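What you see is a predicted model, and the numbers here were worked out from it, not measured in a lab.
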Amino acid sequence: MKRVYNFSAGPSMLPESVLKTAAEEMLDYQGSGQSVMEMSHRSKVYDSIIKGAESLLREVMNIPDNYKVLFLQGGASSQFAMIPLNLMNGSGKADYVLTGQWATKAYKEAARYGEANAVASSKDKTFSYIPKLDPATFTKDADYFHICMNNTIYGTKYHTLPETGNVPLVADISSCILSEPIDVSKFGVLYAGAQKNMAPAGLTVVIIREDLIGKARDITPTMFNYQTHADNDSMFNTPPCYTIYICKLVLEWIKNEVGGLEKMKERNEAKAKLLYDFLDQSKLFKGTVVPEDRSLMNIPFITGDEEMDAKFVKAATENGFVNLKGHRSVGGMRASIYNAMPIEGVEKLVAFMKKFEEENA
Ligand SMILES: *Cc1c(COP(=O)(O)O)cnc(C)c1O
């Protein structure tokens, strides 16, 4: 068996040890005589899986007690509607920073329910930077302030958070959750689709401060009301059982094999540095993001020549480096190097890029 280095933006690589454990437990989960795929979500054995996943997430992310952890479905994209339906309940206004496609989708969805204000945008330069924010331009009585923390498609990341005072900060952390420590207490809501850094697709994790629950608009569908899921420990209906199980294994990997999020961050910084350092001195390739806003997870780069880009992507694929093609909206290349990408994967990619450069300069 030969496994490739998969640079996909999501769904993406999972730690090999997690996949092995899942394979070993596939037919008989810990003596239960069943696969996790077949279990009742109301069974005792499954209860220990979902409770275990939640308590590990709380421990690894250091989530304060006054926050609820919800395991939902519908992807991060459903949160674009759930956030305004549940939170746009005071002034009916919310601020959004437009740092890419996901942030813009979230903004457009909110505009269907209330007054969504775009306080800043980096669209003028193809979202290659995080705009400087001036709190004087923020809506004083906004119900919340929304950011997309790591912009998966463009490869930018907030390195400092906006100062929103008493206005709850809401962040889409789909592509950076668990990549480094985060101070949860600075946020009203954090949400993430699991398929980048946590698990296979199918699970959406919401971490929400308790006082923000219970104020949804009357029209809110029952399934879109945070209260529904908070009151039922994410068991109002059938949760994405198997995905939550894999998420638990990933959290065990972070806790026991990696050694927590500080260590995870060190690993991720070392990986990203290898690639950024190479790009900064390369004569063929160059990164597209301003250095101060660079992401640790998604690294877009170009040669400046579309034919050369295509040639590189093809050669890379043939050599076992797959999914390096950039997002269809930006072109070029993008290496997504999430938690599960081993450092050898990045070392080998850089060596391959060097060789390609020598042969094509
Ligand atoms: C992938 C991604 C999304 C979309 O997630 P779905 O789970 O497919 O809805 C939203 N925001 C960010 C930052 C993403 O990376």
Residue [X] excluded, over 12 heavy atoms near [atom1] under 6.0 Å:
X	atom1	answer
Asn66	CG	yes
Glu307	CD	no
Asp211	CG	yes

Does the pair Lys314 and Thr317 meet the rule for a side-chain contact (heavy atoms from CB on, under 4.5 Å), with working shown? CA-CA 5 Å; Lys314 185 164 179 286; Thr317 307; 5.7 Å; no

Side chains of [X] and [Y]: do they bring a donor and an acceptor to under 3.5 Å?
X	Y	answer
Asp231	Gln227	yes
Asp95	Thr139	yes
Asp309	Thr303	yes
Glu357	Ser282	yes

Quick check on the hydrophobic clustering: are Phe7 and Ile153 connected, directly or via other members, by side-chain heavy-atom contacts under 4.5 Å?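 They do not share one cluster, since no chain of ILVMFWY contacts under 4.5 Å joins Phe7 to Ile153.
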
Would you kindly confirm whether Leu261 and Leu161 end up in one hydrophobic cluster when ILVMFWY residues are joined by side chain heavy atoms under 4.5 Å apart?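 Same hydrophobic cluster.
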
Working to the nearest 0.5 Å, report the span between [atom1] of [X] and [atom2] of [Y].
X	Y	atom1	atom2	value
Ser8	Leu324	OG	CG	10.0 Å
Leu14	Asn6	CG	CG	9.5 Å
Trp253	Leu251	CH2	CG	10.5 Å
Phe301	Leu284	CZ	CG	10.0 Å
Lys93	Asp141	NZ	CG	3.5 Å
Ile219	Asn225	CD1	CG	11.5 Å

Would Ser78 and Leu72 satisfy side-chain contact (heavy atoms from CB on, under 4.5 Å), going step by step from the backbone distance to the final call? CA-CA 10 Å; Ser78 289; Leu72 309 180; over 6 Å; no

Salt bridge flag under 4.0 Å for residues [X] and [Y]:
X	Y	result
Lys20	Glu16	yes
Lys273	Glu269	no
Lys125	Asp293	no
Glu54	Arg58	yes

pair [X]-[Y]: side-chain heavy atoms closer than 4.5 Å:
X	Y	value
Phe312	Met353	yes
Gln101	Tyr154	yes
Met149	Ile182	yes
Leu296	Lys157	no

Using atom types as modelled, flag every donor-acceptor pair under 3.5 Å from a side chain in residues 339-348 to any protein atom, sequence neighbours excluded.
from, atom 1, to, atom 2, distance (Å)
Asn339, OD1, Asn268, ND2, 2.9
Asn339, ND2, Leu178, O, 2.9
Lys348, NZ, Tyr5, OH, 3.4

Please name the pair of heavy atoms, one in Ala22 and one in Tyr245, separated by the smallest distance, quoted to 0.1 Å.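 In this case the closest contact between Ala22 and Tyr245 is CA-OH, 3.6 Å.
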
Can you list every pair that meets side chain to side chain donor-acceptor pair (under 3.5 Å) and has a residue in residues 102-111, with sequence neighbours left out?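 Only Glu109-Arg112 qualify under side chain to side chain donor-acceptor pair (under 3.5 Å).
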
Using the side chain to side chain donor-acceptor pair (under 3.5 Å) rule, collect all pairs that involve residues 33-47, keeping only residues at least two apart or in two chains.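 Qualifying pairs, neighbours excluded: Asp47-Lys51.
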
Assess whether side chain to side chain donor-acceptor pair (under 3.5 Å) is satisfied between Asn298 and Thr152, documenting all intermediate values. CA-CA 6 Å; Asn298 311 97; Thr152 323; 4.6 Å; no

